[in-house]
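Structure, as structure tokens:
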Amino acid sequence: MEERHEPVSSAISATNFIKTIVAEDLKSKGLKQIITRFPPEPNGYLHIGHAKSICLNFGLAEDFGGHCNFRFDDTNPSKEEAEYVESIMDDVRWLGFDWENRLYYASDYFEQLYDWAEKLIKKGKAFVCDLNAEEIKQYRGTLTEPGKESPYRNRTVEENLDLFRRMRAGEFPDGAKTLRAKIDMASGNINMRDPVMYRIKHEEHHRTGSKWCIYPMYDYAHGQSDSIEGITHSICTMEYEDHRPLYDWYLQELEIYHPRQIEFARLNLSHTVLSKRKLLRLVKEGFVKGWDDPRMPTLAGLRRRGYTPQSIRNFCDRIGVGKKESLVDTALLEFCIREDLNKRARRVMAVLNPLKVVITNYPEGQTELMDAVNNPEDPDAGNRKVPFGREIYIELEDFMEEPAKGFFRLFPGNEVRLRYAYFIKCTNFIKDSKGNIIEIHCTYDPSTRGGDAPDKRKVKSTLHWVSALHCISAEVRLYDKLFLTEDPNTLPEGKDFIEYINPDSLIVKTALLEPSLKESKAGEVFQFERLGYFCVDTVDSLPGRPVFNRTVTLKDEWVKIQNRIHKKQ
RNA sequence: UGGGGAGUCGUCCAACGGCAGGACGACAGACUCUGGAUCUGUUUAUAGGGGUUCGAAUCCUCUCUCCCCAGCCA
């Protein structure tokens with residue numbers, strides 16, 4: 001699974017405001033290197049939004065000569081599970097990033113964090129509060145009104161210390177007490193209204209087991225973890241901007257090394273959702289088949305869909321980094337995977353909607369092996385032989401009884417090329433009782449073997465095909481956008497994002513494939529000529545029975561022409 | 001009505017007092033044994049009003065719009 005990739009071409013990534021800040025800091029603070037970190041909570045799967053953060057943090061470290069730590073932010077035992085730890089590390093490795101020996105857990109710092117909490121108590125900057133959750137909420141005030149001070153706010157240092165130690169010792173039940181910072185209940189910033197530092201949870205932690213029954217809150221743990229690791233730049237998303245004063249306050253009161261927090265806008269991608277809550281609903285309610293369903297924007301899903309690490313890293317470079325809320329068009333992601341696969345995918349022929357063609361003047365029982373190029377973009381990919389015979393299948397869409405305007409594929413009397421084979425001309429067609437075309441008769445020109453006419457005459461179209469006698473069949477899964485609406489997060493009043501799921505986001509077909517595909521291996525990528533890029537599914541394929549996932553279609557001029565005609569009508 | 005943040009082509013990102021540029025998309029053409037790829041070209045933007053300045057997307061000011069914050073979640 002692990003792959004290494006050449007760095008993304010520097011032509012793509014110009015600069016961003018964070019690089020500017022870091023460059024200035026390096027100069028003004030005389031730093032030799034920077035240290036960043038990627039700090040996921042192990043409570044779910046990584047998605048393309050996390051990839052933006054991963055690329056940013058590891059990329060910055062690479063650009064400025066430093067390193068990026070990998071840290072699990074595991075301060076809440078009720079939400080976190082060990083199973084996620086492995087999958088998250090897999091995803092980051094898959095993207096091609098290496099944290100070497102710098103794997104950390106916030107839970108490794110619990111003892112130090114505890115000592116620092118006592119230090120704040122001794123400074124008179126923290127107190128044990130007996131208010132319950134509901135009361136704390138009442139006392140906190142509202143967005144426009146200041147809060148009230150807790151009646152327990154003025155306990156003595158000795159009492160606070162005693163109570164806090166007893167909290168740790170397990171003397172109190174969940175929710176009975178909290179440790180809170182003593183800051184300012186009238187602050188306009190609600191995060192500063194005596195925020196909770198520790199809560200009591202008699203729960204098993206995935207790493208510390210039952211050693212602790214009090215757990216630090218994110219705000220109390222994160223900055224200090226950054227400080228312990230010597231992080232120079234702690235990069236997070238915009239919603240933490242309001243938390244920065246608190247981040248700074250703890251570090252200042254603790255009088256310890258003070259990293260700099262910088263916020264950037266999280267990624268939004270059109271036609272999909274990236275919130276954990278919504279993704280979970282898609283899985284739980286069965287709209288997709290799991291976290292790694294190829295329609296999911298999770299890294300596991302994208303990987304199974306056929307997206308390459310390189311394409312995702314290129315995407316992350318192209319979208320840039322800013323502070324404003326934005327919605328990136330999925331078309332850019334699709335461009336990135338086409339760009340990458342165009343260079344590396346072997347071309348093969350496969351027919352999704354077969355229509356039988358009989359070449360009436362071709363000798364019965366004859367088979368020829370035609371020379372086919374594996375990848376016109378890559379001479380090293382070599383050639384292969386594709387069997388050809390009297391009866392073949394072409395794509396149903398490649399024939400029209402009465403050609404529409406702009407259609408120059410097969411129609412009665414018209415000559416086209418069969419890729420790597422012969423010119424054929426349609427002489428007749430057969431319909432069933434319902435009027436559906438079920439078979440085409442053509443003649444071929446033997447002098448055009450290989451696909452070129454000695455008399456230099458041209459045809460306007462080249463069709464892909466498979467030999468009826470030699471082709472194999474396989475399940476092919478045609479994936480499309482998961483949502484019909486561009487932004488499933490911004491909906492009319494009363495609408496649920498579920499209502500906008502694309503009913504055709506998955507269409508399963510039995511396709512006919514050239515025989516070389518029989519032994520293709522899980523994860524292999526191909527371009528089915530004129531159709532799109534496909535990969536062999538890593539979960540449901542069996543030896544000799546591959547299942548193919550469509551990663552993305554090819555750009556299709558004919559589809560556009562048809563759409564235009566439809567719009568006019 | 002409190003605090004914080006953001007407004008530049010259709011989309012995303014640059015330009016940081018000196019010619020508003022790139023990528024994707026769209027459109028047009030060339031080329032092509034994939035209506036793919038490639039190549040060429042076209043199109044469209046500084047939220048609005050004042051001000052400072054020789055010169056403003058950039059500085060000042062007022063206004064408008066959008067986003068985030070009231071977990072013992074992260």
Quick one: the side chain of A/Glu334 and the base of B/G25, do they pair up donor-acceptor inside 3.5 Å?
no

Is A/Lys560 near enough to B/A26 that one of its side-chain N or O atoms lies under 4.0 angstrom from OP1 or OP2?
yes

Applying a 4.0 Å non-hydrogen cut-off, can you work out what A/Asp452 is touching in the nucleic acid: base, sugar-phosphate, or nothing?
base

Between A/Arg193 and B/G71, is there a side-chain N or O to OP1/OP2 distance below 4.0 Å?
no

In this structure, is the centre-to-centre distance between the rings of A/Phe534 and A/Phe548 below 6.0 Å?
no

Ignoring backbone atoms, test whether A/Thr75 places a side-chain nitrogen or oxygen under 4.0 Å from the OP1 or OP2 oxygen of B/A74.
yes

With a non-hydrogen cut-off below 4.0 angstrom, is A/Ile561 in contact with a base, only sugar-phosphate, or nothing?
base

Pairing partner of B/A37 (Watson-Crick or G-U wobble, both distances under 3.5 Å)
none

Base, sugar-phosphate, or nothing: which does A/Lys177 touch, judged by heavy atoms less than 4.0 Å apart?
nothing

At 4.0 Å (heavy atoms only), tell me whether A/Leu327 reaches a base, stays on the sugar-phosphate, or touches nothing.
sugar-phosphate

Assign A/Asn342 to base, sugar-phosphate, or nothing according to its heavy-atom contacts below 4.0 angstrom with the strands shown.
base

Are any of A/Arg140's side-chain N or O atoms less than 4.0 Å away from OP1 or OP2 of B/G71?
yes

Tell me what A/Asn132 touches on the nucleic acid: a base, only sugar-phosphate, or nothing, going by heavy atoms under 4.0 Å.
base

Is there a side-chain polar atom (N or O) of A/Lys324 under 4.0 Å from OP1 or OP2 of B/U8?
yes

Under 4.0 Å between any heavy atoms, over every strand shown, what does A/Val321 touch: base, sugar-phosphate, or nothing? Just pick one.
sugar-phosphate

Scan A/Glu41 against the nucleic acid and name what it touches under 4.0 Å (heavy atoms): base, sugar-phosphate only, or nothing.
sugar-phosphate

May I ask you to say what A/Pro40 touches in the nucleic acid, namely base, sugar-phosphate or nothing, with a heavy-atom cut-off under 4.0 Å?
nothing

Between A/Tyr198 and A/Tyr220, is the ring centre distance below 6.0 Å?
yes

Please report whether the ring centroid of A/His222 lies less than 6.0 Å from that of A/Tyr240.
no

Touch check for A/Phe407, heavy atoms < 4.0 angstrom, all strands: base, sugar-phosphate only, or nothing?
base

Run A/Phe388 and A/Tyr422 through ring-ring contact (aromatic ring centres under 6.0 Å, His included) and show every step you take.
CA-CA 10 Å; A/Phe388 180 82; A/Tyr422 294 101; 5.5 Å; yes

Under 4.0 angstrom between A/Arg318 side-chain N/O and B/G22 OP1 or OP2:
no

It should be established whether A/Arg564 places a side-chain nitrogen or oxygen under 4.0 Å from OP1 or OP2 of nucleotide B/C27.
yes

Categorize A/Glu529 for me: base, sugar-phosphate, or nothing, with a 4.0 angstrom heavy-atom threshold over every strand shown.
base

Regarding A/Arg347, tell me which of base, sugar-phosphate or nothing describes its non-hydrogen contacts under 4.0 Å with the strands shown.
base

Strand partner of B/A23, provided both Watson-Crick or wobble distances fall under 3.5 Å:
B/U11

Base, sugar-phosphate alone, or nothing: which one does A/Ile319 contact when heavy atoms must sit under 4.0 Å apart?
sugar-phosphate

What nucleic acid atoms does A/Tyr198 come within less than 4.0 Å of, heavy atoms only: base, sugar-phosphate, or nothing?
nothing

